[in-house]
> 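Structure provided below as structure tokens; questions to follow.
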Amino acid sequence: MLLPSLGDGITLLDVEGGRGVPILQSLVLDHLLLHDGPAFWIDANGHATTTLAQIAPSQRLLNRIHVARGFTAYQHYGAVCDLPTAVNKSIQIFTTDARAAGRGEPSRDEDTSPHTPALIVAPAVDAQYRADDTLGETHAKTLQARALARLATYAEGYDIPVLVTRNERNEFTESIATVADHHLECEQTRMGPRVVGEDFETLVYPVDDGAYYQTTFAYWRQLLAARATQVGVEPTTSTPSTPTPEGVGTGVTADGETVAATADPLLDAWTASGTGGR
């Protein structure tokens, strides 16, 4: 699993050090590959870029993404409000074309449908409300809150994921984090983007020859813990630390254990319990 699955409800994706357009688009395309139905994309700040076409494996997949753009706060809010109308129109067009072609309604499983939305995407959901000079801060927050409330209603009504991002983390966007049911964080590493969520963490990165690189200590810790359990080795219980000498303080080991610190940090490492040295 190189990409997390999107659960029903609002998922907030925070990307460190950039807009995260490729990872956002990859999550959308990955979800559409696994589920029937179209995606409805309420764009801001040009997140629905040509990169989407470059990374999509087929044109047919792109045809399932319907994009609306809002260049002001009111236009963005209007696009959010008009989404049910766009959904109904899409259903009418699909069913009409299906009858004309005399084809059935293919579906991957009984829980999905090619008619109803599979996903709603609202990147930079705070952008237009933050930037609109015609709105005061109070009105901007109110309009953004109404947009978020509608997105939450759509997530529940259609029983689908709604994927959102935000431009900045501050007081103005706290409401986005509050309304979100799930939170994904993406960190840029030299091996590639590392995504962490409640039930997901990127541990490996593919390379051309089919092998995998990994860059997280958590991977090795989990691997060795599983191996230890397999061979019947119980984890060692750390012994309580000695009292801390006055005026020196405490330290934290790589395993997160708080230990007493002496005046000599090298001596601390050398005489630490469980290291086998003295």
> Is any side-chain heavy atom of P57 closer than 4.5 Å to a side-chain heavy atom of L33?
yes

> State plainly whether the residues D43 and R69 are in salt-bridge range, i.e. N to O under 4.0 Å.
yes

> Using the rule that Ile, Leu, Val, Met, Phe, Trp and Tyr join whenever any side-chain heavy atoms are under 4.5 Å apart, tell me whether V164 and V87 fall into a single cluster.
yes

> State, yes or no, whether a side-chain contact exists between P84 and Y154 at a heavy-atom distance under 4.5 Å.
yes

> I need the R166 CZ to L13 CG distance, nearest 0.5 Å.
10.5 Å

> Would you find more than 12 non-hydrogen atoms of other residues, nucleotides or ligands less than 6.0 Å from E156 atom CD?
no

> Can you name the closest pair of heavy atoms from L151 and V162 and give their distance?
O-CG2, 3.8 Å

> Do R19 side-chain atoms and N45 backbone N/O form a donor-acceptor pair below 3.5 Å?
yes

> Are Q59 and N63 close enough, and set up right, to give a side-chain hydrogen bond (donor to acceptor under 3.5 Å, both in side chains), and what steps lead you there?
CA-CA 6 Å; Q59 180 64 40; N63 293 339; 3.2 Å; yes

> Is a donor on one side and an acceptor on the other found under 3.5 Å between the side chain of Q75 and the backbone of F71?
yes

> Could you point out which residue of L119, L163, I120, V67 forms a side chain to side chain contact (heavy atoms under 4.5 Å, CB included) with W41?
V67

> Measure across R130 and N170 and return the closest heavy-atom pair with its distance rounded to 0.1 Å.
NH1-ND2, 3.1 Å

> Looking only at atom types and distance, does a side-chain atom of S175 sit under 3.5 Å from a main-chain N or O of A145, one as donor and one as acceptor?
no

> Hey, what do you get for CZ (R194) to SG (C186), rounding to the nearest 0.5 Å?
10.0 Å

> Please answer whether the main-chain N or O of F172 pairs with a side-chain N or O of E137 as donor and acceptor at a distance below 3.5 Å.
no

> Looking at every heavy atom in both Y158 and P117, which two are closest together, and how far apart are they?
CD2-CD, 3.9 Å

> Tell me whether Q128 contacts the main-chain N or O of A44 through its side chain, where contact means a donor paired with an acceptor under 3.5 Å.
no

> So, for S26 and I55, which heavy atoms are closest and what is the spacing to 0.1 Å?
OG-CD1, 3.9 Å

> Quick one: pull up OG1 in T116 and NE2 in H35 and give me the separation to the nearest 0.5 Å.
11.5 Å

> To the nearest 0.5 Å, what is the distance between OG1 (T134) and OH (Y74)?
6.0 Å

> I'd like to know if V196 and V15 are part of one continuous hydrophobic network [Ile/Leu/Val/Met/Phe/Trp/Tyr, side-chain heavy atoms within less than 4.5 Å].
no

> Are L34 and F40 linked, directly or through other ILVMFWY residues, by side chains that come within less than 4.5 angstrom of each other?
no

> I need the minimum non-hydrogen distance between L24 and P123, along with the two atoms involved.
CD2-CB, 3.6 Å

> Hey, does the side chain of S90 reach the backbone of A86 with a donor-acceptor pair shorter than 3.5 angstrom?
no

> Does CG in D133 sit with more than 12 non-hydrogen atoms of other residues, nucleotides or ligands closer than 6.0 Å?
no

> Mind checking the CZ-CG spacing from R150 to D82? Nearest 0.5 Å is all I need.
9.0 Å

> Does the H31 side chain pair with the main chain of L27, one donor and one acceptor, at a distance under 3.5 Å?
no

> Out of the candidates V80, L148, N167, only one should pair with V125 under the side chain to side chain contact (heavy atoms under 4.5 Å, CB included) rule; please name it.
L148

> Using the side-chain contact (heavy atoms from CB on, under 4.5 Å) rule, take L135 and T142 through it: C-alpha gap first, then chi angles, then the decisive distance, then the call.
CA-CA 10 Å; L135 294 174; T142 299; over 6 Å; no

> Heavy-atom distance under 4.5 Å between the side chains of L83 and I42, does that happen here?
yes

> What is the minimum heavy-atom distance between L12 and A180, and which atoms define it?
CB-CB, 3.8 Å

> Just by distance, do the side chain of T173 and the backbone of E168 share a donor-acceptor pair under 3.5 Å?
yes

> Mark yes or no for whether R64, through its side chain, and L32, through its backbone, hold a donor-acceptor pair below 3.5 Å.
yes

> Could you tell me whether H183 atom NE2 has more than 12 heavy atoms of other residues or ligands within 6.0 Å of it?
yes

> Any salt bridge between R169 and E185, counting N to O under 4.0 Å?
yes

> Hey, are the side chains of V195 and F200 touching, using non-hydrogen atoms and a 4.5 Å cut-off?
yes

> Donor-acceptor check, side chain of D181 to backbone of I10, threshold 3.5 angstrom: yes or no?
yes

> Quick check: is V179 connected to V121 through a chain of hydrophobic side chains (ILVMFWY, heavy atoms under 4.5 Å apart)?
no

> Do I65 and L29 come within less than 4.5 Å of each other through their side chains, counting heavy atoms only?
yes

> Less than 4.5 Å apart, side chain to side chain, heavy atoms only: is that true for K141 and Y129?
no

> In Å and rounded to the nearest 0.5 Å, what is the CG to CG distance from L184 to L6?
7.0 Å

